[in-house]
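Both ligands and their constituent atoms are indexed starting at 1 by order of listing.
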Amino acid sequence: MVNPIYAAMPRTVFSEMSELATEFGAINLGQGFPDDPGPESVRAKAAEAVLHGDNQYPPMSGLASLRKAVAAHYAARQGLDLDWVGEVTVTSGATEALAATFLGLISPGDEVIVLQPAYDSYAPVIRQAAGIPRFVNLAPPDWRLDIGAIRREITPRTRLIVLNNPMNPTGAVMSDADLGALAELCVTHDLIAVCDEVWEEVVAPGVRHRPLMALPGMRERCVKIGSAGKMFGLTGWKVGWMCAAPALTHAILRAHQFLTYTTPPNLQAAVAWGLEHPADWFDAMPADLARSRARLTSALEAQGFVVLPGEGTYFLNIDLAASGVDLDDRTFCLRAVREAGVAAIPVSAFYEEAPVRHVVRLCFAKGDAVLDGGAERLGVARTLSVSAS
Ligand code: PMP
Ligand code: GLN
């Protein structure tokens with residue numbers, strides 16, 4: 001009666017932890033969303049578009065204004081030369097862009113290299129598209145790419161590799177050397193790279209995001225995915241896009257037309273406006289986040305935690321083992337939310353095979369009082385765990 005795979009699937013770890021946070025009245029440093037409401041000027045444009053703009057179906061590929069704005073943004077900030085007509089498609093969040101990409105590009109039996117820790121939607125949708133995920137693990141503390149390990153997973157059936165850069169949950173921003181090696185591998189083995197770059201603007205001040213698509217030989221073999229949710233800190237809007245050469249875009253569009261077909265036109269119009277009027281947003285937002293990261297880091301260190309390095313995303317990670325906590329990440333997170341009133345995300349949830357079990361992800365895109373309270377409560381959870389274990 002029902003698909004047993006979906007029937008047996010747990011809810012996502014983000015839903016689980018947010019629900020537990022509500023149930024226990026906990027501070028939520030789990031699911032990744034800012035507690036700031038996002039730029040007011042962009043929200044005002046959305047309100048204006050709801051009242052006075054067009055509220056009927058927009059074009060399937062997205063509003064021309066947003067597609068042009070995305071192409072112009074990437075030209076200005078990443079040196080890309082995208083043709084908005086044939087190469088930019090608006091989707092309902094990056095989640096839909098990923099799904100349309102996998103459904104549009106994977107043929108039954110194709111193998112897809114997935115780097116773990118991996119965002120939770122990749123493997124289920126790859127399988128839904130009749131593809132076979134092949135996992136390659138990255139390891140803390142620096143989560144560097146192991147090109148040799150990736151090469152060993154490549155077979156004659158390998159068609160795609162999924163790259164999340166900057167990476168959720170690790171916060172790692174890929175080095176130029178790793179990107180170069182990966183591009184070479186894609187060219188040699190004729191692979192398409194699905195580049196989930198939703199965190200591209202959420203990097204520490206002074207760090208530059210480089211799209212894989214800009215590397216030699218990659219222009220025609222990358223699907224670059226972005227999201228206004230992360231760029232403007234409006235995670236509930238679910239306005240995303242994917243950029244790819246026309247032949248790839250064509251197949252992905254055919255999948256998109258039956259997934260969501262379109263995305264609310266008023267939100268698209270507001271995001272287009274935001275990209276055209278960035279003011280100082282793309283400097284101010286990373287600077288604010290850097291302050292929050294530093295504040296949470298020192299508060300956690302004062303509680304005895306060891307914080308891992310990271311340069312991007314809303315997330316920092318603590319190393320439980322190095323912090324003297326002899327519990328696995330999931331047990332620690334359940335104890336933290338139930339007994340200490342703070343929600344976090346166990347990094348093992350991002351692995352299907354050979355998980356790292358001693359790292360916990362925390363969202364620092366929060367106000368000072370929330371960060372201070374969260375760190376204090378994590379300290380309580382640490383004390384409980386150290387004395388109980
Ligand atoms: N990919 C990654 C790596 C993410 O972190 C997220 C959301 N946090 C998404 C995709 C989904 O983005 P959206 O909300 O635009 O669907
Ligand atoms: N991407 C968000 C995170 O990593 C969660 C998105 C979701 O809840 N599906 O926290």
Side-chain angles (χ1 to χ4, degrees), residues 9-22 28-35 38 62 66 70 89-102 114-126 138 143 161-174 193-203 209 211-212 223-243 256 259-260 263-264 267-268 271 274 289 310 312-317 333 337 343-351 359-366:
M9 211 178 261
R11 66 197 192 284
T12 79
V13 71
F14 311 114
S15 302
E16 180 188 13
M17 288 301 166
S18 281
E19 284 166 28
L20 284 171
T22 306
N28 192 354
L29 302 183
Q31 194 174 33
F33 59 89
D35 60 6
L66 178 53
V70 167
T89 305
V90 177
T91 58
S92 291
T95 307
E96 196 238 332
L98 286 160
T101 299
F102 293 139
V114 176
L115 306 177
Q116 295 188 128
Y119 189 60
D120 63 347
S121 80
Y122 302 157
V125 186
I126 289 167
L138 312 187
W143 314 97
I161 178 161
V162 188
L163 181 69
N164 176 210
N165 182 41
M167 194 183 213
N168 178 5
T170 67
V173 174
M174 203 162 288
V194 178
C195 302
D196 177 347
E197 299 184 358
V198 297
W199 297 101
E200 58 202 337
E201 294 291 351
V202 189
V203 290
H209 170 77
L212 188 66
V223 180
K224 175 175 166 57
I225 291 171
S227 173
K230 304 303 181 309
M231 271 193 186
F232 292 103
L234 294 162
T235 61
W237 277 25
K238 305 297 284 188
V239 175
W241 46 81
M242 60 98 188
C243 307
H256 162 74
L259 279 173
T260 56
T263 299
L267 298 182
Q268 290 193 49
V271 172
L289 284 170
T313 77
Y314 296 152
F315 310 117
L316 62 73
N317 291 284
C333 287
V337 72
I345 300 289
V347 162
S348 60
F350 292 75
Y351 288 78
V359 178
V360 165
R361 190 195 84 174
L362 303 169
C363 177
F364 58 77
K366 308 288 175 189

Are E16 and R11 close enough for a salt bridge, meaning some N to O gap below 4.0 Å? no
Determine whether a donor-acceptor pair (N or O, by modelled atom type, separation under 3.5 Å) exists between the side chain of N164 and the backbone of P166. yes
Heavy atoms, side chains only, cut-off 4.5 Å: are Q31 and C363 in contact? no
Please, which pairs that meet side-chain hydrogen bond (donor to acceptor under 3.5 Å, both in side chains) have at least one residue in residues 229-241, sequence neighbours excluded? Y74-W241, T95-K238
Test side-chain contact (heavy atoms from CB on, under 4.5 Å) on L115 and L163 and set out the steps. CA-CA 7 Å; L115 306 177; L163 181 69; 3.9 Å; yes
In short, S227 meets V198 closest at the heavy-atom pair CB-CG1, 3.7 Å
Heavy atoms under 4.0 Å from ligand 2: which residues qualify? F14, Q31, G32, Y119, N168, F315, R361
Just to verify, what does F102 make a ring pair (Phe, Tyr, Trp, His ring centres under 6.0 Å) with, not counting sequence neighbours? none
Are I225 and T101 close enough that some pair of their side-chain heavy atoms sits under 4.5 Å apart? yes
Classify the ring geometry between F14 and Y119 as parallel (under 30°), tilted (30 to 60°) or perpendicular (over 60°). parallel
Could you list, one pair per line, each nitrogen or oxygen of ligand 1 together with any protein nitrogen or oxygen closer than 3.5 Å, giving atom names and the distance rounded to 0.1 Å?
unit_1, atom_1, unit_2, atom_2, d
ligand 1, 1 (N), D196, OD1, 3.4
ligand 1, 1 (N), D196, OD2, 2.6
ligand 1, 5 (O), N168, ND2, 2.8
ligand 1, 5 (O), W199, NE1, 3.0
ligand 1, 8 (N), K230, NZ, 2.9
ligand 1, 14 (O), K238, NZ, 3.1
ligand 1, 15 (O), A94, N, 2.8
ligand 1, 15 (O), S227, OG, 2.7
ligand 1, 16 (O), A94, N, 3.1
ligand 1, 16 (O), T95, N, 2.9
ligand 1, 16 (O), T95, OG1, 2.6
ligand 1, 16 (O), K238, NZ, 2.7

